[in-house]
Structures are given as C-alpha cells and as structure tokens.
There are 2 protein chains.
Amino acid sequence: MSVQETRQQILRAALKLFSERGFMGATTREIADEAGVAEVTLFRHFLSKDYLFEETLKGYSFLPELQEVLAKIQGMDYEEGMNVIALSFFEALKKRRDIIRIIQSEVYRYPEKIHLAYHEMIDGLIKALSGHLRGLQKKGLLRDFDPYNGARAFMGMIFSLFNMQEILLRSKYRKEDENTLIAAFVNIFIRGTIA
Amino acid sequence: MSVQETRQQILRAALKLFSERGFMGATTREIADEAGVAEVTLFRHFLSKDYLFEETLKGYSFLPELQEVLAKIQGMDYEEGMNVIALSFFEALKKRRDIIRIIQSEVYRYPEKIHLAYHEMIDGLIKALSGHLRGLQKKGLLRDFDPYNGARAFMGMIFSLFNMQEILLRSKYRKEDENTLIAAFVNIFIRGTIA
DNA sequence: ATGTAATGTAAGTGCTTACTTACTATGTCA
DNA sequence: TGACATAGTAAGTAAGCACTTACATTACAT
C-alpha cells in the first residue's frame, strides 16, 4: 500500500467515525483500527487529531454533479429540468451525508474551517441555480422574482427533507415518500415561479 | 435559592454549554461554574452527566406559539396568514436555537431520545399547518395538492434559512436579508398553491 | 435554639485518551 | 545485497475528566 493510499484509508476511516460519534467521541485508536493501520501510523501521517480533522473536511464540493446536471437539463422544459435538479441535489447531499453530518455537528469547533467547507459546498450551487432561473426569466418563461431568493427557497425545501431523513431520523422513511415529497416540492415551486 | 431554582440554573447552564461545545466538550465542572454552584451540587441533582443531558432535552415543544398563531390568523387572508406563520415559526426556531443545535449535533448519541425531542417539537407543527391548508382547500381557496407535502415544503424553506443563518453561520447576515427572504419564500409558496 | 435539608470545600480515585519513544519488521530500488 | 522509507509492536506518559467521599457551613422550620 502506497503512502497516499494509507493516507486515504485513514481519512476515510476518520470521516466515518467522526460522523458516527463526533470529533471527541471518535478515538484515534478506533480510527486507526478502522483504517487497518497502527495508531502510531496515523500520527506519522497526521500531526494531531485536530489536524486530521481539518484534513477530513477538505474536498467535498458539488462541482462534478453540478456541471453534469447543467449539461443534462439543456433543452428540457422548466418542470422537467427542475425535477432533475431537485433529484440530483438530493442524491448529491446523500452522497455527502457523512461530511454534512460532521459539519452540522462540529460547527462550534472550528467555525472558520467549517464555514469554509460549507461555502465550498453550497455557494456554487446557489449561484448556478440563480443563474439558471435568471436565464429562464430573460426568456420570459418565469415571472419576476429575485432568482437568488428563488434558489434559496428551492434548495431549502430539499435540504430540509435531507436533513430530516438522513441526519435526524436516518432510515425511518420509505423511498417512495421521498420521491413523492420532492415531486410535490418541485410542483409548488414551478407553479409559484412560472410566468 | 430553592431546590427547583438550583435545578433550573444547572439545566440552563447545561443547555448553554452543551450547545456551545457539544456534550463531550462541555465539562461538568464548567457547567457547574456557569450555573454558579459547586460541581458536587450538580451531581446531587443529576445522577450523571448523561442523565443531565437527557433532562436538558425535555420540554421544548412549539405548542405555546402554535396556539397563539392559529388564533391570530383567523380572519386574515391567505398570504397575510402565511406570512404571520412564517415569521412566527422563524422566531420560534430562533428562540430554541440552543436546543436545536444540540439536537443536530448529538443525534448519534441517544438516537431515540433525540428523535423524541425532535418529534415533540415538529410533529404538532406539521399537523397544524397541514390542517390549516386543508381547511383553505375545502373553502376552495387553494388548488388541489397534498397539504402534508405543502406543509413540509413551507416549513422546509424556513428551517433551512434558520439552519444556515443560526446554526452554521451564526451572525454573518443582516436582519433585512432575513425578512426579504422569508417574504420571497412565502410569495412563491402562495402562488404555487393558490387556486 | 436546634434539627434537618441543601450547599460548599477540598482532596482524591480511576479511567480514558492523545501522543511519544524505542525498537523491530518488511518491501522496494540501486 | 544492502540502504532507506514505511509500517508495526509494545510500553509508557501526562493530562483531563466524571464521579466520590468526608467534613464544614448555611438557612430555614418548628
């Protein structure tokens, strides 16, 4: 196993355990075990538990999915496009569940670093969605409203669903409910913003 | 200071420190100091730190505000009523910021207890708002949609705003923005659901 | 005034845990 | 083969922290 692989193993284990037990609740011993390395190896790769935590926060932007989705919705009508965006956003959130859980749980620990990680994830999305809505407005498809506020409303509905299902109540729900809810959200938003 | 007062002091201090530093980050020593009592007094009132935590979670339902608001919006038109509901909900969330922060941070600790506290806060609200929307539907004021989904959409937008501003980025925003956003959310929702 | 319930002071116990040190083992490349 | 980088084993250190114990103090009710 190369140095980089070992490092990644440790980061993966840290992500998992920090998310399951919180920063203080996860011991360096457990993280090392989970990663399949000796505890001392962890400390050879990362100066301290704090430093390991900071490294764990890096590199979770939504950019890959974002670009993919923006391409995909070209040529779709408004409702269809927003549906795709909603579902992709929801899936992207799920994929990053562990890191989001950590962000929400440990805000008080390193406010700046956490804020950074948060903005890194979200800002681009809001901007992109606002831009998309603004474009549709210019085409006369949407009524007059602030696209930034619209984007916040749209993402807020979906984020709350994610937060309730995946962060607070892991598992106590059915997939069908989830899709029904998202469809309903999109429907309300469409009707609320169409020209 | 009576026994009950001392107990309340400790609970208040615990709420504050658990929310600021997390369950494990807050020491019983600090909580006692914050409450202005000796550490041993804390343990005379609460068997253990765990037990203190559980007690801290109790009694934060939204019922008082809920009843107040339901009375207040009688006779208002749809948009006006929803505006009042949105603002009240947002204020109610802010008022419970500490406990909500704890709930979000410590879900993994006592899933059942946390879920209980969560449902105690939210379920009544969803039910009440659904009921309100259903009533308006029956009067023919709103189009046909599932009021439960509508309630989730509405509360989701506002909760996300709260979550972003008060939990993640405490303070880095202006009150005007907040009101503008809420008004925009309500507006989109109104137009998306009206007959 | 005195007994009782609540609190404080002070010291300590035992466990956990981040992090270290010293030495050994293994694999890779010259 | 041997030098070097990387990882493992094992033992330990020092600090923090929940919780306890023993005893002194205060306040209030009868």
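Residue numbering restarts at 1 for every chain, and letters A, B, ... go by the order of the sequence lines. Below, all heavy atoms of this structure are taken into account, side chains as well, without hydrogens, waters or symmetry copies.
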Check: B:Tyr118 and A:Met164 side chains under 4.5 Å, non-hydrogen atoms: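 Result yes, sub-4.5 Å side-chain heavy-atom pair found.
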
Is any side-chain heavy atom of A:Ile85 less than 4.5 Å from a side-chain heavy atom of A:Phe154?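 The answer is yes, as the side chains (C-beta and beyond) meet within the 4.5 Å cut-off.
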
Toward the 5' end of DNA chain C, which comes first, B:Val3 or B:Val40, by nearest nucleotide? B:Val3

Closest nucleotide of DNA chain D for A:Thr41 versus for A:Met24: which of these residues is on the 5' side? A:Thr41

Report the distance from atom [atom1] of [X] to atom [atom2] of [N], rounded to the nearest whole Å.
X: B:Leu47; N: D:dC19; atom1: CG; atom2: P; result: 9 Å
X: B:Glu39; N: D:dA18; atom1: CD; atom2: P; result: 7 Å
X: A:Gln4; N: D:dA5; atom1: CD; atom2: C1'; result: 15 Å
X: B:Glu30; N: D:dA18; atom1: CD; atom2: C1'; result: 13 Å
X: B:Glu5; N: D:dC28; atom1: CD; atom2: P; result: 12 Å

Which distance, rounded to the nearest 0.5 Å, do you find between the CG of B:Leu93 and the CD of B:Glu166? 9.0 Å

Partner of A:Leu52 under side-chain contact (heavy atoms from CB on, under 4.5 Å), chosen from A:Phe23, A:Phe43, A:Phe46: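 In the set A:Phe23, A:Phe43, A:Phe46, the residue that makes a side-chain contact (heavy atoms from CB on, under 4.5 Å) with A:Leu52 is A:Phe46.
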
Of the nucleotides [options], which has the atom closest to the [X] side chain?
X: A:Thr6; options: D:dA7, D:dG8, C:dC19; result: D:dA7
X: A:Arg44; options: C:dA18, D:dG8, D:dA18; result: D:dG8
X: A:Val37; options: D:dA18, C:dT7, D:dG8; result: D:dG8
X: A:Lys49; options: D:dT9, C:dA18, D:dC19; result: C:dA18

If you compare every side-chain N and O of [X] against the phosphate oxygens of [N] (OP1, OP2), does one of them come in below 4.0 Å?
X: B:Thr27; N: D:dG16; answer: no
X: A:His45; N: D:dT6; answer: no
X: A:Thr28; N: C:dA18; answer: yes

Verify, without hydrogens or angle tests, whether B:Arg143 (side chain) and B:Gly192 (backbone) share a donor-acceptor contact under 3.5 angstrom. yes

